[in-house]
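Below is one structure, written out as structure tokens, with a few remarks after it.
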Amino acid sequence: MGLLRGFGLGSLATLTFTASTALAHANSTSHNSPGLPLAINTWGGPFIVATDAAYVALLEAQTSALDAVELGCSTCEANQCDGSVGYGGSPDENCETTLDAMIMDGTTMKSGSVAALRRIKNAIGVARAVLEHTTHTMLAGDFATDFAISNGFVAQNLTTLNSAASCAEWKAGGCQPNYRINVTPDPASSCGPYSPLPLNSSSRDYTSQLHSRGSPEGHDTISMVALHRSGVMAAGTSTNGAGRKIPGRVGDGPITGSGSYVDGDVGGCGATGDGDIMMRFLPCYQAIENLRLGMHPKAAAENAVKRMVRKYPAVQSGIVVVDKEGNHGGAGSGWTFTYAYRGGSMNETVVVTVPPLNDRVSDL
Ligand code: GLY
């Protein structure tokens, strides 16, 4: 690989910023392929810099699909996109930003990922190093940082003035909201340290006690699928997770089949949303298996999202699914999801708006 080390974007990034960033918009019906190469990812708005970076790299530099995914996600890590990717976002209870990322090769089905990565900005670059320089799939925490440093990445403080101020404000407000349940003092009104309260797993309301008190903070993500003009596919994800998370928390981002998934014989998928719920369902794995059974990408996406909504009606989720020809569709719940794509000879990125499935209860 050697394309990137800590945002040494070089000529491919230059291509990115000379690309058109004008936006066109499309509705949420099924979409036929615009042709190859193709870059497609979760979210529009500030995330289209990633779409353009990956697409232009595929088109003009004819990079590999893996390189395009790495470049696209790295672009978001470097400029923070909407704040949910890269350094300085989603500080945890200790005010630290930690990163989750994965990258997957649709030819070999090999994936590399990092979870709760500390002090390294270019998380998807480290995930790529896991893929290319180990036979493992995931490295986590401080040891992932050690691995990154030994592979040439530079350790840096990921806290910014904004993330520090945001965290200080949260603490001053009694650490509200937060992710703790069944602890004392009452996590609905107090900061920790907390101690666990006893639970009786035989009681009638035991399962209801295990539900969260809501979704404290946003948890967006960039997840991207790239199709090289040869048909080779790759997928990847990068995120700083969920704001106010309990230190050590890992979301769906680095989980193969949850954050993203790709089988070059079938298609690829990228996800965003409440990772604590989504990783229980492997929605991207489900969507690609739906494609394998013959579903159109949009139907495949909707089926995967419905499986989550049936159990968690309020879950915020969004997945974008693309088949190996480049036909694509998306589905989401709990919010209005968008995804962006650019392929074939398109001279601008198109953003597709996907209304939440929860608004169509009869479909569930
Ligand atoms: N989807 C990002 C997260 O929940 O970690």
Side-chain angles (χ1 to χ4, degrees), residues 1-10 12-13 41 50 53-54 57 63-81 84-90 92 96-105 108-160 221-224 226 234-241 245 247-262 270 275 279:
M1 76 105 161
L3 174 64
L4 305 167
R5 276 289 183 267
F7 307 128
L9 298 178
L12 293 180
N41 56 269
T63 65
S64 69
L66 275 173
D67 284 349
V69 166
E70 184 183 353
L71 177 65
C73 293
S74 293
T75 302
C76 250
E77 290 173 346
N79 75 9
Q80 301 170 297
C81 277
S84 66
V85 182
Y87 68 100
S90 304
D92 66 17
E96 181 177 354
T97 293
T98 57
L99 306 179
D100 294 339
M102 65 161 283
I103 190 164
M104 184 168 187
D105 176 358
T108 62
M109 307 297 288
K110 191 172 193 297
S111 66
S113 69
V114 285
L117 179 70
R118 306 180 73 191
R119 301 188 303 280
I120 304 286
K121 286 187 172 180
N122 183 201
I124 196 156
V126 185
R128 180 81 182 267
V130 173
L131 184 149
E132 292 195 336
H133 301 301
T134 80
T135 56
H136 296 319
T137 294
M138 181 186 289
L139 296 179
D142 280 337
F143 290 120
T145 305
D146 292 346
F147 172 81
I149 292 167
S150 72
N151 278 269
F153 294 84
V154 177
Q156 292 169 282
N157 188 343
L158 304 189
T159 300
T160 61
T221 296
I222 183 160
S223 292
M224 171 175 278
T237 297
S238 185
T239 181
N240 50 35
K245 61 191 170 189
R249 182 264 191 189
V250 173
D252 58 330
I255 308 298
T256 308
S258 195
S260 50
Y261 193 68
V262 61
M279 65 198 292

Handout entry: Donor-acceptor pair, side chain of Ser258 and main chain of Ile255, under 3.5 angstrom
Key = no

Handout entry: Minimal non-hydrogen separation, Thr256 against Met104, with atom names
Key = CG2-SD, 3.7 Å

Handout entry: Point-to-point distance, once rounded to the nearest 0.5 Å, from OG of Ser90 to CZ of Arg249
Key = 8.5 Å

Exercise for the section: Using the side chain to side chain contact (heavy atoms under 4.5 Å, CB included) rule, pick out the option among Leu139, Ile120, Asn151, Ile103 that qualifies with Val126. Expected result: Ile120

Handout entry: Nearest heavy atoms of Ile124 and Met102, plus distance in Å
Key = CD1-O, 3.5 Å

Completion exercise
Shortest non-hydrogen pair, Ala50 vs Met224, comes out as O-CE, 3.4 Å

Practice task
Measure across Lys245 and Gly241 and return the closest heavy-atom pair with its distance rounded to 0.1 Å.
Solution key: NZ-CA, 4.0 Å

Completion exercise
Which of Asn157, Thr97, Thr145, Asp142 passes side-chain hydrogen bond (donor to acceptor under 3.5 Å, both in side chains) with Arg118? Answer is Asp142

Completion exercise
Taking every heavy atom of Leu71 against every heavy atom of Ala57, the minimum-distance pair comes out as CD2-CB, 3.6 Å

Practice task
For Ser113 and Ala127, indicate whether the former's side chain and the latter's backbone hold a donor-acceptor pair under 3.5 Å.
Solution key: no

Problem - Side-chain donor/acceptor of Asp92 to backbone N/O of Glu96, under 3.5 Å - result: yes

Handout entry: Non-hydrogen side-chain atoms of Arg119 and Phe153 separated by less than 4.5 Å
Key = no

Handout entry: Side-chain (Thr98) to main-chain (Leu117) donor-acceptor, under 3.5 angstrom
Key = no

Problem - Side chain Asp67, main chain Thr63, donor-acceptor under 3.5 Å - result: no

Practice task
May I ask you to check whether Thr137 and Lys110 show a side-chain donor-acceptor distance below 3.5 Å?
Solution key: no

Handout entry: Side-chain H-bond candidate by donor/acceptor type, Asp105 with Thr108, under 3.5 Å
Key = yes

Practice task
Return yes if some donor-acceptor pair links the side-chain N/O of Gln80 with the main-chain N/O of Tyr87 below 3.5 Å, else return no.
Solution key: yes

Problem - Exercise: do Thr237 and Ser260 side chains pair donor with acceptor under 3.5 Å - result: yes

Practice task
Return the set of residues passing side-chain contact (heavy atoms from CB on, under 4.5 Å) with Ala226 (not counting sequence neighbours), or none when no residue passes.
Solution key: Leu58, Ala65, Ala68, Val69

Practice task
Examine distances only and state if a side-chain atom of Asn240 and a backbone atom of Gly86 form a donor-acceptor pair shorter than 3.5 Å.
Solution key: yes

Problem - Heavy-atom pair of closest approach, residues Val114 and Ala144 - result: CG1-CB, 4.3 Å

Problem - Side-chain donor/acceptor of Thr221 to backbone N/O of Ser223, under 3.5 Å - result: no

Handout entry: Separation between SG of Cys73 and CZ of Arg128, rounded to the nearest 0.5 Å
Key = 11.5 Å

Practice task
Give a yes or no answer on whether the side chain of Asp100 reaches the backbone of Gly251 with a donor-acceptor pair at less than 3.5 Å.
Solution key: yes

Practice task
Would you indicate whether the side-chain heavy atoms of Val130 and Met138 approach each other to under 4.5 Å?
Solution key: no

Completion exercise
Sequence neighbours excluded, the answer for side-chain contact (heavy atoms from CB on, under 4.5 Å) partners of Val85 is Phe47, Cys76, Glu77, Ile222, Ser238

